[in-house]
Amino acid sequence: MKHIFTYKQTEYFDIKNMSVIGDFNNWDETVNIMKKNEEGIWWNEVELSSGEHLYKFIINENIRMNDPIANLYALNKEGELMSLIIINENDERLYNNEQYTVHIEKYNMLNQILEEDLQINKKYFNINIDEKVVTKFEFTNITGVHAITVLWYKPDNTLHSFSENILFTPDGEEDKPITMWFWIELNTEFLLMGMWSIKLFVDGEFILEDGFNIGNSSTYTSTKQKHNTQNNGFEEWC
């Protein structure tokens, strides 16, 4: 049967190019290039045979994202959560009627991984002091399995990195929240100074965006200079 894969672009996520990969095209991102229509929907029509087909979207050449409207998800041999479409012998698509949920209970931005429930949302990070920028998410009301994806963007709006974790509730722990950390290292490579941003996606759907500043100013030096200028009778500054 012919199936049209679609992905709706939002104002919060700039998409320059997009394709769909799967077992139907040998996971080749150059085969099924998607086009964007006037409504901002990316689409591509694929001929699918009967059976199960795992697939994923490739966005801006290197971001792997699930299909928010896939209805079914499954792990591949490498343990990556993929979108799944099932076609029966009558060339009909099968759907899962069960509705799955996930709720973001808490969100914090820190400079280290902490188990404690601290009411901290750090917005400025100093590469001379801080080792990491850490985002901490606490999820509740989790049913089914979900792909949680975080994209990190530099001040020039280019992608720094992205990562994906699988979210599910282990048997017997349905009432417990699940905590996930995502982070970037500040002391391993040259980083652009300025306002960075992160974007969170659940199963390929945009959920939230937040910003933070990375700098390299010395608090000690600034304080000392301010103190000296006051002693010399100059106007106070900060």
Side-chain angles (χ1 to χ4, degrees), residues 1-102 139 142-153 158-169 180 182 198-208:
M1 66 168 288
K2 291 186 181 296
H3 176 75
I4 299 178
F5 292 98
T6 62
Y7 187 91
K8 183 173 178 57
Q9 182 169 335
T10 72
E11 60 181 305
Y12 307 103
F13 187 30
D14 183 28
I15 300 177
K16 296 180 176 60
N17 53 71
M18 190 168 179
S19 63
V20 57
I21 59 172
D23 49 13
F24 43 81
N25 61 16
N26 200 30
W27 306 98
D28 188 344
E29 61 189 74
T30 65
V31 175
N32 294 106
I33 305 297
M34 302 177 75
K35 299 179 181 179
K36 186 172 68 170
N37 64 21
E38 296 179 354
E39 288 74 36
I41 297 175
W42 292 80
W43 66 276
N44 184 267
E45 186 176 71
V46 179
E47 182 71 37
L48 296 177
S49 60
S50 60
E52 298 184 355
H53 300 280
L54 294 174
Y55 69 97
K56 209 150 192 175
F57 294 131
I58 303 295
I59 300 176
N60 295 342
E61 299 179 355
N62 60 359
I63 301 173
R64 298 171 67 89
M65 199 78 75
N66 268 315
D67 184 354
I69 60 174
N71 186 252
L72 289 168
Y73 302 93
L75 298 174
N76 63 10
K77 295 180 180 179
E78 290 73 36
E80 180 181 2
L81 189 65
M82 310 292 291
S83 303
L84 173 66
I85 186 170
I86 302 177
I87 309 298
N88 66 16
E89 295 179 355
N90 297 322
D91 272 352
E92 299 169 328
R93 180 180 178 180
L94 302 182
Y95 290 89
N96 179 16
N97 293 324
E98 187 171 353
Q99 298 295 316
Y100 297 116
T101 61
V102 59
F139 300 95
I142 306 163
T143 58
V145 59
H146 305 273
I148 308 299
T149 307
V150 167
L151 309 183
W152 301 85
Y153 283 91
T158 59
L159 181 70
H160 173 266
S161 60
F162 77 95
S163 55
E164 179 183 279
N165 287 345
I166 298 175
L167 176 67
F168 67 96
T169 301
M180 281 188 176
F182 296 86
I198 65 164
K199 300 178 191 289
L200 173 72
F201 295 77
V202 176
D203 298 327
E205 181 178 2
F206 173 82
I207 302 299
L208 65 83

Trainee: Do other residues, nucleotides or ligands put more than 12 heavy atoms under 6.0 Å from Glu89 CD?
Mentor: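 No, the 6.0 Å shell around CD holds no more than 12 heavy atoms from other groups.
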Trainee: Are Thr143 and Thr169 side-chain neighbours, meaning at least one heavy-atom pair lies under 4.5 Å?
Mentor: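 Heavy-atom side-chain distance check fails, nothing below 4.5 Å.
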Trainee: Within a strict 4.5 Å, meaning less than it, do heavy atoms of the Met82 and Arg64 side chains meet?
Mentor: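 Yes, side chains in contact.
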Trainee: Looking at side-chain heavy atoms only, is the closest gap between Asn165 and Phe182 below 4.5 Å?
Mentor: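 Yes; the side chains approach each other to less than 4.5 Å.
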Trainee: Does the ring of Tyr12 carry Lys199 above it, NZ/CZ under 6.0 angstrom from centre and within 45° of its axis?
Mentor: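 That pair does not qualify as a cation-pi contact.
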Trainee: Without swapping roles, check the side chain of Asn44 against the backbone of Val31 for a donor-acceptor pair under 3.5 Å.
Mentor: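 Flag not set: sc Asn44 to bb Val31 has no pair under 3.5 Å.
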Trainee: Check whether the ring centres of Phe13 and Phe206 lie less than 6.0 Å apart, and answer yes or no.
Mentor: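 Phe13 vs Phe206: aromatic centres not under 6.0 Å.
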Trainee: Taking the side chain as everything from C-beta on, heavy atoms only, tell me whether Met18 gets closer than 4.5 Å to Ile59.
Mentor: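 Side-chain contact under 4.5 Å: yes.
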Trainee: Counting N and O atoms only, with roles assigned by atom type, does the side chain of Lys16 sit under 3.5 Å from a partner on the main chain of Glu61, one being a donor and the other an acceptor?
Mentor: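 No, the answer is negative, given that no donor and acceptor are paired below the 3.5 Å cut-off.
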Trainee: Would you check if Ile198 and Trp152 make a side-chain contact, meaning some heavy-atom pair closer than 4.5 Å?
Mentor: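 Heavy-atom side-chain distance check passes, below 4.5 Å.
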Trainee: Find out whether Trp42 and Thr6 are in side-chain contact, i.e. whether some heavy atom of one side chain is under 4.5 Å from a heavy atom of the other.
Mentor: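 No, side chains not in contact.
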Trainee: With a 4.5 Å cut-off on side-chain heavy atoms, are Lys56 and Glu80 touching?
Mentor: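 They are in contact (side-chain heavy atoms under 4.5 Å apart), so the answer is yes.
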Trainee: Which of these passes side-chain hydrogen bond (donor to acceptor under 3.5 Å, both in side chains) with Tyr55: Asp67, Asn25, Asn66?
Mentor: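 Checked Asp67, Asn25, Asn66 against Tyr55; only one passes side-chain hydrogen bond (donor to acceptor under 3.5 Å, both in side chains): Asp67.
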Trainee: Examine Phe5 together with Phe24 and report whether their ring centres are nearer than 6.0 Å.
Mentor: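 Yes, the ring of Phe5 comes within the 6.0 Å limit of the ring of Phe24, centre to centre.
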Trainee: Got more than 12 heavy atoms from elsewhere within 6.0 Å of CD, Glu47?
Mentor: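 Yes, because the 6.0 Å sphere around CD of Glu47 holds more than 12 heavy atoms from other groups.
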Trainee: Taking Asp23 for the side chain and Asn26 for the main chain, is one N or O donor matched with an acceptor at less than 3.5 Å?
Mentor: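 The answer is no, because no donor-acceptor pair under 3.5 Å joins these two groups.
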Trainee: Could you check if a side-chain atom of Phe57 sits within less than 4.5 angstrom of a side-chain atom of Ser19, using non-hydrogen atoms only?
Mentor: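 No, too far: nothing below the 4.5 Å cut-off.
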